[in-house]
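Atom set for the values below is all heavy atoms of this structure, side chains included, hydrogens, waters and symmetry mates excluded. Being a predicted model, the structure only gives us computed values, none of them experimental.
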Amino acid sequence: MRQSGNKYIKNWDFTFQFAEHGQCNVTMTAVVGHITSLDFPAQFGWGKCNPGQLFGAPIVEKVPDDKRSVAQNIANEARGAAKLMIWTDCDREGEYIGWEILQAARQSNTALTEENTWRAQFSHLETQHVCHAAAHPVRLDRGAIDAVRARMEVDLRTGASFSRFLTEGMKRRLRGELNQEATLSYGLCQFPTLGFVCDRYTRVRLFVPEPFWYLELETRKERVKTVLSWARTRVFDRLVATVIFRQCMQLLFATVTHVATAPTSKWRPLPLTTVELQKNCARYFKMSGKAALDAAEQLYLKGFVSYPRTETDSFPRAMDLRKLVQRQTQSAVWGAYATELGNGKFSDPRVGKHDDKAHPPIHPVVFTDGSGLSASEKKVYEYIVRHFLACCSQDAKGSQTTVTLQWGPEKFSASGLTVLERNFLDVFPYVKWASSKVLPQFVHGEEVALSRAELKSGVTAPPQHMTEPELIALMDANGIGTDATIADHIEKVLAREYVVKVAARSGALFVPSELGMALVKGFDAMLEGVSLTKPFLRKELECDLGAVVAGRKTKDAVLATTVEKFRAVFAVCASKQAMLVASYREVIKENQ
DNA sequence: GCAAGGTC
């Protein structure tokens with residue numbers, strides 16, 4: 001092992017027998033994410049050109065200062081190499097990073113080309129799997145490389161142009177009204193994130209409560225009171241409710257039309273992904289998604305848990321999960337449960353539908369009793385272990401009885417649950433599933449006397465303000481950001497003071513600031529038929545990038561149409577900038 | 001001073 005010029009990177013020399021190339025002298029080294037970043041040449045820097053020019057400006061690849069040692073190490077080690085083999089994550093970004101590595105290597109060795117560069121395909125680090133990857137390399141995937149390059153260009157051009165436009169334009173026109181220190185940024189991910197928060201806020205503010213009416217029945221049998229709810233749930237017309245109620249009231253009995261008892265179960269969780277970890281830490285521990293991810297990363301660097309950024313919700317078949325369960329038996333808290341699993345209660349985890357082809361689900365690797373960990377690291381470690389043990393358990397089993405009564409023309413029902421086997425629930429206290437009161441024995445066709453029949457009324461409740469787990473779920477569902485960046489985008493809209501985090505008894509809530517609300521209202525007012533505050537443009541881009549990967553579209557075609565689309569949107573915004581300013585003053589006035 | 005993506 002030799003040190004490199006970067007303290008995180010070591011160079012390892014060994015020999016290896018490759019199936020295709022025979023015995024080779026190998027140097028294995030590493031990078032730390034992307035090596036290069038896109039930027040505009042100096043003459044297109046901030047304040048040096050009209051922001052609208054950035055849609056057509058040249059773009060250059062730059063090695064940022066903190067990556068110079070990484071690029072230099074690749075160049076040093078590649079000198080004299082006959083072949084290059086890429087072992088980065090097997091996802092789109094990993095493919096592009098592989099291409100960046102090839103460019104860095106070519107700085108010292110132009111004999112290296114895409115023709116003698118090989119790509120190992122692997123998604124976890126089991127020995128067998130890694131050896132198979134070494135023996136069956138493929139080529140770098142041009143489609144994936146092109147797709148990432150297109151994404152980078154679109155993000156840069158749109159982000160830089162709109163951010164400069166907003167920061168310069170808004171501050172100049174709102175001198176004395178807007179904080180002159182502020183940076184007003186735009187990004188294809190941060191604006192939809194802001195949009196979700198504003199949308200919810202507006203729905204809460206504009207909510208008009210609506211009265212509704214419903215029928216409720218009660219029977220008393222075997223001295224047990226059973227409350228039955230209406231099959232229609234509720235109606236919003238008082239007259240309709242009254243007419244139905246009068247009709248029913250002529251009958252003093254209801255008839256049992258259906259009674260059934262069926263087994264039911266509460267499913268154990270799917271193998272843990274990053275998004276799920278962040279949502280659940282936010283929900284159960286009131287941690288921010290960012291704090292949860294940071295803690296998980298620390299745990300990973302200390303060797304306690306697997307790689308924390310993954311979208312995969314199924315374990316590789318070859319993984320020895322029982323061994324991982326066994327390591328948890330020494331815990332004073334969940335050790336007994338792990339021991340039970342080892343003694344025959346182990347069950348193969350459920351198989352989810354997501355696979356990022358790069359990492360397995362998050363799981364504990366090494367046991368720790370938590371000493372030496374921070375408070376958040378302890379919480380996150382315990383969550384990861386309990387989630388993993390729950391995955392390797394059986395579903396909870398129960399029995400559900402449902403009874404349906406016919407009262408005149410209307411149907412009513414009640415159900416009772418008996419939990420028979422708790423299984424994973426014993427190690428996973430975050431999920432609640434409890435037996436309800438046992439229903440009395442109803443018999444099909446039986447006429448039941450009613451102890452109470454009521455026409456009740458209620459009022460619809462407003463939606464609640466946005467919570468962090470809800471926001472994370474919305475971003476995930478709409479393709480805003482990735483497992484690794486969702487928390488960053490939330491931090492970004494907070495840092496820009498577009499969104500404010502308000503403490504509440506149930507956990508933090510997100511509401512837009514006046515500035516955030518003004519931007520969303522302003523952009524929505526300026527534009528027709530296209531929205532910068534909704535997730536659709538990002539989704540369209542992701543869809544086009546998928547087409548590039550699949551070879552249905554070329555990078556240049558996607559870039560041409562996407563950049564043109566944003567150039568046109570930018571032109572509209574630039575011509576209607578007064579509307580943004582008006583929107584800001586309007587929001588301020590409304591709040592006074 | 002700008003994006004979003006990767007990561008110790």
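- If you check every strand for non-hydrogen atoms under 4.0 Å, A:Asn6 touches nothing.
- In this structure, A:Thr88 reaches neither bases nor backbone, as no heavy-atom distance under 4.0 Å exists between it and the strands shown.
- Between A:Phe162 and A:Phe566, the ring planes are perpendicular. Angles over 60° get that label, and only those under 30° would be called parallel.
- Each of A:Glu168 and A:Gln190 has a nearest nucleotide on DNA chain B; the 5'-most of these lies closest to A:Glu168.
- Between the side chains of A:Thr88 and A:Arg119, at least one donor-acceptor pair of N or O atoms lies under 3.5 Å.
- Using modelled atom types and a 3.5 Å distance limit, the side chains of A:Asn73 and A:Asn11 yield a donor-acceptor pair.
- Residues A:Gly45 and A:His34 each lie close to DNA chain B; by heavy-atom proximity, the contact nearer the 5' end of the strand is made by A:Gly45.
- Residue contacts shown for A:Phe44 are absent, as no nucleic acid heavy atom lies under 4.0 Å away.
- For DNA chain B, the span of nucleotides reached by chain A at under 4.0 Å from its heavy atoms goes, 5' to 3', from B:dG1 to B:dC8.
- Nucleic acid contact for A:Arg496: sugar-phosphate only, since backbone atoms but no base atoms lie under 4.0 Å from a heavy atom of the residue.
- Here A:His465 and A:Tyr201 bring their ring centres to under 6.0 angstrom of each other.
- Among the heavy atoms of the strands, none lies under 4.0 Å from A:Phe191.
- Within the nucleic acid shown, A:Tyr186 comes within 4.0 Å of sugar-phosphate atoms alone, with no base atom in reach, counting heavy atoms only.
- Between A:Tyr96 and A:Trp99, the ring planes are tilted. Angles from 30° to 60° get that label.
- Residue-level contact check: A:Arg538 touches the backbone only, with heavy atoms under 4.0 Å from sugar-phosphate atoms and none from bases.
- With respect to A:Lys492 and A:Asp488, no salt bridge is recorded, no charged nitrogen being found less than 4.0 Å from a carboxylate O.
- Here A:Gly94 lies out of heavy-atom contact (under 4.0 Å) with every strand.
- Among the heavy atoms of the strands lying under 4.0 Å from A:Thr183 are primed sugar atoms or P, OP1, OP2 only; no base atom is included.
- Using a 4.0 Å heavy-atom distance criterion, A:Leu188 is classed as a sugar-phosphate-only contact.
- Counting any heavy atom pair closer than 4.0 Å across all strands shown, A:Glu297 reaches a base atom.
- The residue A:Asp39 sits close to a base: some heavy atom pair falls under 4.0 Å.
- Using bins of under 30°, 30° to 60° and over 60° for the plane-to-plane angle, the ring pair A:Phe315/A:Phe388 lands in the perpendicular bin.
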